[in-house]
Amino acid sequence: MKFSYITEKKQLENIIPILKAEKYLYLDTEVAVKNFKNIDFFSDKVRLIQIGTEKDIFVIDIFKIGKENINILKPILEEKGLIGHNLKFDIKFLKTNFDIFPKIVFDTMIASQIISEGKDTKHSLLAVSKREADLDLDKSQQKSPWHLTDLLEEQIKYAANDIEALRQIFPSLKEKLNQMKTPHKATGETKEIFGVENPVAAVEFTFIPNLALIELKGMPIDKNLLDKMLKQLSSEYQSLYIDFFRKYGIDPFSPQKVANWLTNKLKLKLPKTEKGSISSQDKYLRKYENKPEVQKLIEIRTKKKLLDKVKELNEYITPDLEDENTGRIRSLYRQIGAPTGRMSSSKPNLQNIPPVLRKLFRPAKNYSMIVADYSQIELRIAAEYTKDQVMINAFKQGLDLHRFTASLITGKDYEDITKEERQMAKAINFGLIYGISPRSLMEYASSSYGVEISLKEAQIFHEKFFEHYKGFKKWHEETKEKLKNHREIEVVSLLGRRMKVMKFTDAVNYPIQATGSDMLKMAVNFFGKLKKDLDAYIVNLVHDEIIVEAKEDIKEEAKAILEESMKKAGEILLKNVPIKYEIEIVTNWSEK
DNA sequence: TACGGTAGCTCG
DNA sequence: GTACGAGCTACCGTAC
């Protein structure tokens, strides 16, 4: 493998024409990370930028050349296509260290995830190189000291070698993406630059720089309120704990002791867990809520959960440089965190914040917050997916679908449906997109909606449902038939994301959930493109919800663009069902 | 003392 | 026959 080690400004200038002649480049970076457990994208320094063409590899030493002389690369890295592995990482560092922000990318990690079709496969550069090119990549220098004044020969060679690996895996990954059967072909930059025709890959690749920006921006949080809440919850929790222990002599957080105490002393009948121990889940305790012991137990658990979540948020708070009352929480997102293409969020998880804590999140001074979400998106997708005419018509007429389902099942007029009947229908509607069985419907209706029905009744509701929604019936029957004949089948989202499944419940749920995640990512991409240089940034994404922080004086403009983005994404995927969304300018996340 | 699995709970 | 996905904490048994 031949490569050039670039350590002087003059050398860098000399390679510019070579890079300019290319349509796309291979890219990797090495960063001098102080703490690998907690990578700091703002203070850790980029040491090397490796750029490859099909012929050359240049290992550019930033420390030797000087950060201020890297500007010459900016137009190249921002305008050329870039091929790399987990480019969100590199893009974040290029942005913070050099204000370089690439936009046109082919990511070999994301490509590998897409072609894996949801199977549990490893996607490190090491694993992908082995799989796609039978290459045994040496990763021993990954965490070597990249801050050394003079890098070791093996470090420089290692850096160049990653580019060689990218070169070898790119053609095979591209070929596999293009060979996947999809409902339509991609157009746009990803197609023009890299020749990628797979529409899922096009959406995912375009999404990468947008997600990098979301992570860098971070969710704004009210520092003073957080502090206040932390103190208040702590003291409330402590007194609850002390009271509980004094009264009952039991540690409320020892599952075994609590379970024994509840069954022996209080004579509660509780179900077993999977491993055979006694379960004291809140949902089983709910029917004993009239007992003060049970009530206290639930109360103390609830308080502790809130306290823990606030503590967790508090650990990740960093200052907002322009507003001393605001902190910023920069979560990490896994772009394809679930087999369906849904994202996941961690450190901290900003996708499972309870409503009572959402008021902590509010925009920085002189900024507004815009919260938008798709309404009943999965049911709308399911209607489109199954082409169920009855459900499509209900949506077209703008009916409340839960109420409508209730009227179909009970035979009563739409207007006469009671609250309880609507709740029951809601359980059925949701159960439907998860591949319901009558037994689980019964349990679900009870634990989630507080509606008690017998198994017999659940069976009747189940039948009635399919009697009216014939499109669903057909879809479920066909899916069951396919699974009878094949151990594993493929399902596909409306964009063309393919997933292998073995279980009926996965087979009916995955394509719906996947289409929802396609839609959200497309909406984010449109927003990134349409907003231009408006001071408006997405600060969190929660499956069907987008949260934007926008400068106060342009909030209406930002809101209009966000709305247009969500509408466009929705209308591309749903041709027969209208989409609906809520969008509002708020002072904090909990207003809606 | 560190690690991994399980249970329980939060969100969509 | 099974309701879908994720992350985080605490507990608890096992390995060192």
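Computed from a predicted model, the values in this text were never measured in an experiment. Chain naming here is simple, since letters A, B, ... match the order of the sequence lines and numbering starts at 1 in each.
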Of all the choices, [options], which nucleotide is nearest to the side chain of [X] once you look at every atom?
X: Gln281(A); options: dC11(B), dG12(B), dC9(B); value: dC9(B)
X: Gln513(A); options: dG12(B), dC9(B), dT9(C); value: dG12(B)
X: His543(A); options: dC11(B), dG12(B), dC4(C); value: dG12(B)

For [X] and [N], give me the distance from atom [atom1] to atom [atom2], rounded to whole Å.
X: Ile300(A); N: dC9(B); atom1: CD1; atom2: C1'; value: 16 Å
X: Asp282(A); N: dA10(C); atom1: CG; atom2: C1'; value: 15 Å
X: Tyr581(A); N: dG12(B); atom1: OH; atom2: C1'; value: 21 Å
X: Lys309(A); N: dA10(C); atom1: NZ; atom2: C1'; value: 15 Å
X: Lys484(A); N: dG1(C); atom1: NZ; atom2: P; value: 10 Å
X: Lys503(A); N: dG1(C); atom1: NZ; atom2: P; value: 15 Å

Using a 4.0 Å heavy-atom cut-off across all strands, classify [X] as base, sugar-phosphate, or nothing.
X: Ala514(A); result: nothing
X: Phe430(A); result: base
X: Ser345(A); result: sugar-phosphate

Positions of residues 228-246 of chain A (non-hydrogen atom under 4.0 Å from DNA chain C), listed by number:
none
So, is the end of the Lys480(A) side chain (NZ or CZ) under 6.0 Å from the ring centre of Phe504(A) and within 45° of the ring's axis?
yes
Which is more 5' along DNA chain C, the nucleotide nearest Phe253(A) or the one nearest Ser437(A)? Just name the residue.
Ser437(A)
Ser331(A) side chain vs Ser346(A) backbone, donor-acceptor pair below 3.5 Å
yes
If we ignore angles and hydrogens, is there a donor and acceptor under 3.5 Å between the side chains of Asn210(A) and Lys521(A)?
no
Is it the case that the ring center of Phe244(A) lies less than 6.0 angstrom away from the ring center of Tyr248(A)?
yes
Would you confirm whether the ring centroid of His543(A) sits within less than 6.0 angstrom of the ring centroid of Tyr374(A)?
no
Would you mind pulling out the nucleotide paired to dT2(C), Watson-Crick or G-U wobble, both distances under 3.5 Å?
none
